[in-house]
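The block underneath contains the structure these notes are about, expressed in structure tokens.
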Amino acid sequence: MPKKVDHEARRQEISEALWRIASTRGLDGASLRDVAAEAGISLGRLQHYFRTKDEMLVFALRYINRLAADRIRARIEALAEGPTPREVLRACLSGMLPLDDRSRVGLLVGAAYYARAVHDETLRAEAENGIPQLRAFFADQLRLAADRGELPPERATEDEAMLLISTADGLATYVLLGVHDPETALRLLDLQLANLFGVEGTEGMERVDAVGRASSASATAVVGAGRAPSVFVGDRSAPSASAGDGPAPAAERACGKRA
């Protein structure tokens, strides 16, 4: 009886091989032959699952997005019941930073996608389509905070939401470049949140920190047979999220995907 092959699992394994290459030398240096060799299969076998490099790149990007969504969902669900909007935002924003080996590798892969997406229309569309949804989710959390009296109403805007996203993106880049260490990036992120929300409520941040470290340590996505660090990154291409969804499902869709 012929052996049943899990095609989805094979595509994921090939994607993980692609990520290992992308995290060290970028995507432009990853030919189908290179990825096949990294995955330990023949070129013909790889082309059985992906006819073109573009098809492989898009699948790998969407797969890594799903892992990112799972990671963000775990971070939010591990918070105490009924987390504040500030805690939800911090969990999402800290999840966008390279705070350990797993997230660092993920962001290196993301940087490789960024570089290629500048000149690749398909990847650029994957990367840019979800930015409005992420901004809308953050703005929903800011409006909820304003309704709760935790934030001045005039600060609950999509511009403020975009500033938070930009802060996390900039800090992530500086950590990758060695300008900041992860602890400094978190401190600066907290400073930005304190400028927005005020210093009250910062006592809960130690709890959020612990949640983030625990969820990172328990992440189950494994890159390749060598069990290299897990990869989490996304493209923000999520359905629109609203505050009424509850923080975990909405965050999974909105801030769990960035690339």
Side chain proximity check, [X] to [Y], heavy atoms < 4.5 angstrom:
X: V88; Y: F137; answer: yes
X: E8; Y: Q12; answer: yes
X: L93; Y: T167; answer: no
X: S94; Y: R75; answer: yes
X: E38; Y: E16; answer: no
X: M162; Y: E158; answer: no

How long is the span from the [atom1] atom in [X] to the [atom2] atom in [Y], to the nearest 0.5 Å?
X: D120; Y: L27; atom1: CG; atom2: CG; value: 9.5 Å
X: R102; Y: L67; atom1: CZ; atom2: CG; value: 12.0 Å
X: Q192; Y: L171; atom1: CD; atom2: CG; value: 9.0 Å
X: E183; Y: L99; atom1: CD; atom2: CG; value: 8.0 Å
X: R11; Y: R62; atom1: CZ; atom2: CZ; value: 12.5 Å
X: E13; Y: L46; atom1: CD; atom2: CG; value: 11.5 Å

- Okay, side chain of E87, backbone of T84: is any donor-acceptor separation there less than 3.5 Å?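 Yes, the answer is positive, given that a donor and an acceptor are paired below the 3.5 Å cut-off.
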- Would you call R25 and D34 a salt bridge, using N to O less than 4.0 angstrom?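 Here R25 pairs with D34 in a salt bridge, since their nearest N and O are under 4.0 Å apart.
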- Message: Between the side chains of D70 and R73, is the shortest nitrogen-to-carboxylate-oxygen separation below 4.0 Å, so that they form an ion pair?
- Response: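 So R73 pairs with D70 through a salt bridge.
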Transitive ILVMFWY side-chain link [X] to [Y], under 4.5 Å:
X: V175; Y: Y114; answer: no
X: V179; Y: L176; answer: no
X: I131; Y: L163; answer: no
X: I165; Y: L193; answer: yes

- R116 and D54: salt bridge (Lys or Arg N to Asp or Glu O under 4.0 Å), yes or no, with the steps? CA-CA 11 Å; R116 186 177 178 90; D54 285 344; 3.7 Å; yes
Show me the side-chain donor-acceptor pairs of residues 142-153 shorter than 3.5 Å, one per line, residues at least two apart or across chains.
unit_1, atom_1, unit_2, atom_2, d
R143, NH2, D140, OD1, 2.8
R148, NE, E150, OE1, 3.4
R148, NE, E150, OE2, 2.8
R148, NH2, E150, OE2, 2.8

- Verify the neighbour count for atom CD of E121: are there more than 12 heavy atoms of other residues, nucleotides or ligands below 6.0 Å?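 Counting neighbours around CD of E121, 12 or fewer heavy atoms of other residues, nucleotides or ligands fall under 6.0 Å, so no.
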Taking all heavy atoms of [X] and all of [Y], pick out the closest pair and write down the distance.
X: A91; Y: I76; result: CB-CD1, 3.5 Å
X: S31; Y: K53; result: N-NZ, 4.4 Å
X: G26; Y: A112; result: CA-CB, 4.0 Å

- Item | Set of residues satisfying side chain to side chain contact (heavy atoms under 4.5 Å, CB included) with respect to A60, sequence neighbours excluded |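 Scan of A60 (side chain to side chain contact (heavy atoms under 4.5 Å, CB included), adjacent residues dropped) gives S15, L18, W19, Y113.
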- Message: Suppose the criterion is ring pair (Phe, Tyr, Trp, His ring centres under 6.0 Å): which pairs have a residue in residues 140-190, not counting sequence neighbours?
- Response: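 Residue pairs with at least one partner in residues 140-190: Y174-H180.
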- Message: Using side chain to side chain contact (heavy atoms under 4.5 Å, CB included), reason through L196 and L164 one step at a time and then give a plain yes or no.
- Response: CA-CA 10 Å; L196 184 60; L164 289 175; 4.0 Å; yes
- Query: Given V35 and F50, is the side chain to side chain contact (heavy atoms under 4.5 Å, CB included) satisfied, shown in steps?
  - Reply: CA-CA 11 Å; V35 176; F50 299 108; over 6 Å; no
- Do S166 and D169 have a side chain donor and acceptor closer than 3.5 Å?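 No - no donor-acceptor pair under 3.5 Å links their side chains.
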